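Scope of the values below: all heavy atoms of this structure, side chains included, with no hydrogens, waters or symmetry mates. If you're wondering where the values come from, they're calculated on a predicted model, not measured in any experiment.
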Amino acid sequence: MLDIKLIRENPDAVRQGLKNKNAEDIVDQILSLDEERRGIIAKVEDLKAKKNQVSAQIPAMKKAGQDTAPIFAEMKRVGDEIALLDGQQGEVEEKIEFILRRTPNIAHSSVPVGKSAEDNVEVRRWLPEGFSFENDYKVLDHIELGKKLSLLDFERGTKIAGSGFPLYTGKGATLERALINYMLDYHLQHHEYKEIMPPVLVNRDSMKGTGQIPKMEEDMYFIEKDGLYPIPTAEVPITNIHRDEILAEKELTIKYVGYSPCFRREAGSYGKDSKGFLRVHQFNKVEMVKFSKPDNSYDELEMMVNDAEDILKALKIPYRILMLCTGDLSFSAAKCYDIETWSPAENKWLEASSCSNFETFQARRANIRYRKEDKKVEFVHTLNGSGLATSRLMVSMLENYQTPEGKIIVPPVLQKYTGFSVIE
RNA sequence: GGAAAGGUGGCAGAGUGGUUGAAUGCGGCGGUCUCGAAAACCGUUGUCCGGAAUUUCCGGACCGGGGGUUCGAAUCCCCCCCUUUCCGCCA
């Protein structure tokens, strides 16, 4: 949620920020509602002060045997008026809340202004030694490889659950599990995260806290009987660990990493990049989440991207880093880097990670604050990033590690996790 | 699924209609004592909103959430949520 004070104090900056993010300009609407709200508050608080003052005298009057009937009558009228104004205040505040909850975050000043994904900026790329975009043999795609080597069975996955619910079999399942364990261990051993294993069903408050609701509600699964949502990412439960809490300054930066399956309806996206693993309803992801002080959150963002990159370097998978432009940023993000890995069969880059700084946007929704040394309480900055998602990574990995004979070499760093070095 | 109890400040825990934002204890912070520390003692210690002033006042709200009764609600009534314990079922 945007800070209403920011809108009040820098209306033009917010207006421009929303425009850059292709969002509706709600500034004037908010300003006028805000003014209305403060007008009502001034009136109602005067009346409440009067009521409190009079109420305080009543015990003494009763003791003295004075007649309280006229005062009661008067206070009854005041009470009615207060109820009326309270109602009005509530309505105005609901309107403000409704708008702000649906208004996206605005981008950090370092983010390039742009309309769509085409305006994203490639920051850097990394290619393993000896890598070439050209191959002198016919590369198979992950679906063909998965079928040929009995690693993936998309048909049966569809039978069991529906399209987009992948079934891993044999060494495919082992490889997936190895990848998850390897990534978790790497972050724990090299990057000082604390491991979390979160619930994968969360309540509505948690979904609101991280900003999936109300805007993205259509893209979420929902278990109506129990009012629970299967998580679209571990970001949701992990960020909500500290919902409604005031953290100590010395605890920050808090760094969590956790694995979870992720569930997404991907409503309306059928047919678009949807074959095999490219777009699925269930996938596995290792997620990094940070709670940071505002003054170093952008350094933390850079470090988080590096943390994800380290894994790809160790796995020797070609990747590039994109800085998303204002128009392509997600609803809650102020700045975001995407990490894309190379798919030789698709002949394109696939998004395998997204690392974002939300500044106070999520913290304000989820009410996550910290107490500074001078005792003042402020919102923390929250960040998260995939470290990384396995599905797209698996595509790149299988395809890049195939041999001309159609075998797959297991990346050396994974071999002690898989217990085998070649899949044939 | 059945039954019972309970949700109060960072934590523990009083408080059943009226100067209660809330006793007390612990913790935290500051001080006295000390070479220093501990102990002891003294003081202090919630969040949000609005206003006035430039960091200090004034006012309001908040005792799980929502609604009701009343001149007045942490306290009474209703609905919802959650937690704990016991029983049942079960990975």
Inset, instruction - Would you mind checking if R265(A) and D219(A) are paired as a salt bridge, meaning a charged N to carboxylate O distance below 4.0 Å? - result: no
Inset, instruction - Record whether the side chain of K62(A) comes under 3.5 Å of the base of G18(B) through a donor-acceptor pair of N or O atoms. - result: yes
Legend entry - C1' gap between G67(B) and C81(B), integer Å: 15 Å
Inset, instruction - Quote, to the nearest angstrom, the C1' distance that separates G2(B) from C77(B). - result: 26 Å
Inset, instruction - Please work out if R8(A) contacts a base, only the sugar-phosphate, or nothing of the nucleic acid, heavy-atom cut-off 4.0 Å. - result: sugar-phosphate
Legend entry - Short N-O contact, K48(A) and D86(A), less than 4.0 angstrom: yes
Inset, instruction - Identify whether any heavy atom of R371(A) sits under 4.0 Å from a base atom; if not, whether one sits that close to sugar-phosphate; answer base, sugar-phosphate or nothing. - result: sugar-phosphate
Legend entry - Integer-rounded Å distance: G59(B) P and Q89(A) CD: 19 Å
Inset, instruction - Both distances under 3.5 Å, Watson-Crick or G-U wobble: report the partner of A3(B), or none. - result: U85(B)
Inset, instruction - Using the C1' atom on both, measure G46(B) against U20(B) and round to a whole Å. - result: 15 Å
Inset, instruction - Give a yes/no on whether any side-chain N or O of R38(A) is located under 4.0 angstrom from OP1 or OP2 of C49(B). - result: no
Inset, instruction - Ignoring backbone atoms, test whether N52(A) places a side-chain nitrogen or oxygen under 4.0 Å from the OP1 or OP2 oxygen of G72(B). - result: no
